Amino acid sequence: MEFEATIPAVDSGRLLMEIPLKATTGLKKEPLQKVTVTIDEKVYLCNLFYKENSFWLHIIRGIKREVGLGVKTTFIMEPIVHVEAKKEEIHDQVLQWETTTCKSLMKQVGVKQEDYVVDFGCGYGHYTLGCALALEQSGVVFAVDCDAKALKWINKKEQMYKIDNIKTIQTNGMPVIDFPDNSVDVVLLYDIGHIHEKGTKKSLAPNLFKEAYRVLKKGGILSTLNFNSDIKKMRFEDEKTKISREDIDAAIVQVGFSFSHIVASGVHFDWYHSRHRLKKGLLFADLEREKIYNYVK
């Protein structure tokens, strides 16, 4: 749901902004809900409160810092399904996301029947599965990663959902998409910001952008998903110079891609694979969100 509102000008310990009545249609009247809020293409995870017959959005520190107080702006708010803090339930929630929401996201990215898709650095295949389902049992998703354990888990999920259009490929960890020139339709580079040159902090992402351009057909799609927590750690030229989302976009365009469109919102699953986080009662709603940026060759 999209609405305009003015962030309160006076700060407080927990700054709450009342949501316009017209934007509350369909919201559940629960004391507390988790929502994603998108402002100027940046996604924030916030709490939504219902009290005194009104809905109130918690203006978190990131919004205060990056948007400002007393500013009238456009909010895009999406409720997140709340789950109890039981580790058994988050697993069901992740599987449901992979088979429904992710399938829809992949179609919005541009994945279509009979496509050849490379999910490079696929990890445990959270996006691989949704992509395979989006292909409607046609085409192929090549799940590429250096982690043999993760690839075996993808094969198990493929059997679980009775699909047969996923091909797992184990790599040696180098930034090479080992496919012929002009041979694939879509390349997913999701959550690869943490991949660095051995012994340095220098990101290998620019190398992968070039590789994606090489292997994609003309008109093919490069789909990228970089999370703020990773961008803060990424370096392109040296170990000191920080980069921004705009730097990533510029690096992709410099290779020869044209920006196409944005899809919201991808999920960062690093905490989900942390036993420590799960033991503390991790919620699916706690996982980091960010928009998916897409480019065309």
Side-chain angles (χ1 to χ4, degrees), residues 28 30-38 42-49 58 60-62 78-106 119-133 141 143-161 163 166 168 170 173 188-196 224-234 264-292:
K28 296 180 180 179
E30 298 178 355
L32 172 64
Q33 299 177 60
K34 292 280 187 179
V35 295
T36 58
V37 173
T38 304
K42 187 160 187 180
V43 182
Y44 304 88
L45 181 63
C46 300
N47 288 326
L48 181 69
F49 299 92
H58 178 208
I60 62 174
R61 185 179 303 170
E78 299 179 22
I80 299 175
V81 177
H82 179 73
V83 294
E84 296 295 329
K86 298 177 182 178
K87 63 181 181 181
E88 297 86 1
E89 293 188 359
I90 191 173
H91 301 316
D92 292 338
Q93 194 77 6
V94 168
L95 288 173
Q96 181 183 20
W97 182 90
E98 290 173 346
T99 56
T100 56
T101 303
C102 186
K103 176 182 177 181
S104 174
L105 287 177
M106 292 300 98
D119 184 1
F120 189 89
C122 61
Y124 284 84
H126 298 295
Y127 293 91
T128 305
L129 183 60
C131 192
L133 293 170
V141 185
V144 181
D145 205 279
C146 61
D147 188 338
K149 181 181 177 181
L151 295 177
K152 286 181 180 178
W153 179 241
I154 293 174
N155 289 330
K156 287 181 180 179
K157 286 197 287 189
E158 186 180 20
Q159 295 172 9
M160 182 191 310
Y161 289 101
I163 53 180
I166 298 176
T168 54
Q170 186 176 3
L188 309 183
L189 293 182
Y190 288 1
D191 192 19
I192 51 88
H194 61 281
I195 302 177
H196 292 85
T224 67
L225 179 55
N226 296 290
F227 296 95
N228 287 332
S229 57
D230 282 336
I231 291 175
K232 291 177 182 178
K233 304 172 187 175
M234 290 174 71
S265 297
V267 179
H268 200 185
F269 288 97
D270 60 337
W271 284 4
Y272 175 63
H273 295 288
S274 165
R275 291 183 180 179
H276 172 71
R277 297 280 183 181
L278 289 174
K279 286 181 180 179
K280 291 181 68 175
L282 180 71
L283 302 178
F284 184 68
D286 293 331
L287 301 179
E288 185 180 10
R289 263 72 172 176
E290 192 50 75
K291 291 191 173 184
I292 299 170

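Remember, it's a predicted structure, so these values are computed and weren't measured experimentally.
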*Asks:* Let's go through L45 and E288 carefully: what are the C-alpha distance in whole Å and the side-chain angles of both, what is the deciding distance for side chain to side chain contact (heavy atoms under 4.5 Å, CB included) to 0.1 Å, and is it a yes or a no?
*Replies:* CA-CA 8 Å; L45 181 63; E288 185 180 10; over 6 Å; no

*Asks:* Do L48 and K34 have side-chain heavy atoms sitting under 4.5 Å apart?
*Replies:* no

*Asks:* Once you measure the plane-to-plane angle for F269 and Y272, does it fall in the parallel (<30°), tilted (30-60°) or perpendicular (>60°) bin?
*Replies:* perpendicular

*Asks:* To check you understand the geometry: which heavy-atom pair defines the closest contact between I166 and A143, and what is its length?
*Replies:* CG2-CB, 4.2 Å

*Asks:* Which heavy atom of V37 sits nearest to which heavy atom of C46, and what is that distance?
*Replies:* CG2-SG, 4.0 Å

*Asks:* Might you work through the side chain to side chain contact (heavy atoms under 4.5 Å, CB included) test for W153 and D147, ending with a clear yes or no?
*Replies:* CA-CA 10 Å; W153 179 241; D147 188 338; over 6 Å; no

*Asks:* Relative to each other, are the rings of F227 and H268 parallel, tilted or perpendicular (30° and 60° limits)?
*Replies:* parallel

*Asks:* L282 and W271: which non-hydrogen atoms are nearest, and at how many Å?
*Replies:* CD2-O, 3.6 Å

*Asks:* Is there side-chain contact between R289 and V267, with heavy atoms separated by less than 4.5 Å?
*Replies:* yes

*Asks:* For the rings on W97 and Y127, is their centre-to-centre separation under 6.0 Å?
*Replies:* yes

*Asks:* Please report the interatomic distance CZ(F49) to CG(L32), rounded to the nearest 0.5 Å.
*Replies:* 5.5 Å

*Asks:* Keeping the roles fixed (side chain from Q33, backbone from P79), state whether a donor-acceptor pair exists under 3.5 Å.
*Replies:* no

*Asks:* Considering non-hydrogen atoms only, spot the tightest contact between G130 and C102 and give its length.
*Replies:* CA-SG, 3.8 Å

*Asks:* Using a 4.5 Å cut-off on heavy atoms from C-beta on, say whether the side chain of N226 contacts that of E290.
*Replies:* no

*Asks:* Sort out for me which residue in D286, L283, L278 forms a side-chain contact (heavy atoms from CB on, under 4.5 Å) with I90.
*Replies:* L278

*Asks:* With sequence neighbours excluded, give me every salt bridge (Lys or Arg N to Asp or Glu O under 4.0 Å) pair touching residues 96-106.
*Replies:* E98-K157, K103-E136

*Asks:* Who passes salt bridge (Lys or Arg N to Asp or Glu O under 4.0 Å) against K152, sequence neighbours left out?
*Replies:* none

*Asks:* Over all heavy atoms of both residues, which pair between C146 and Q170 is shortest? Give the atoms and the distance, please.
*Replies:* O-NE2, 3.3 Å

*Asks:* Any chance you could measure I192, atom CD1, to T224, atom OG1, to the nearest 0.5 Å?
*Replies:* 8.5 Å

*Asks:* Side chains of L188 and M106: closer than 4.5 Å at any heavy-atom pair?
*Replies:* yes

*Asks:* Rounded to the nearest 0.5 Å, how far does NZ of K149 lie from CD1 of I154?
*Replies:* 13.5 Å

*Asks:* What pair of heavy atoms forms the shortest contact from T128 to C122, and how long is it?
*Replies:* OG1-CB, 3.6 Å

*Asks:* Is there side-chain contact between I163 and L129, with heavy atoms separated by less than 4.5 Å?
*Replies:* yes

*Asks:* Please identify each residue that fulfils salt bridge (Lys or Arg N to Asp or Glu O under 4.0 Å) with D230, with sequence neighbours left out.
*Replies:* none

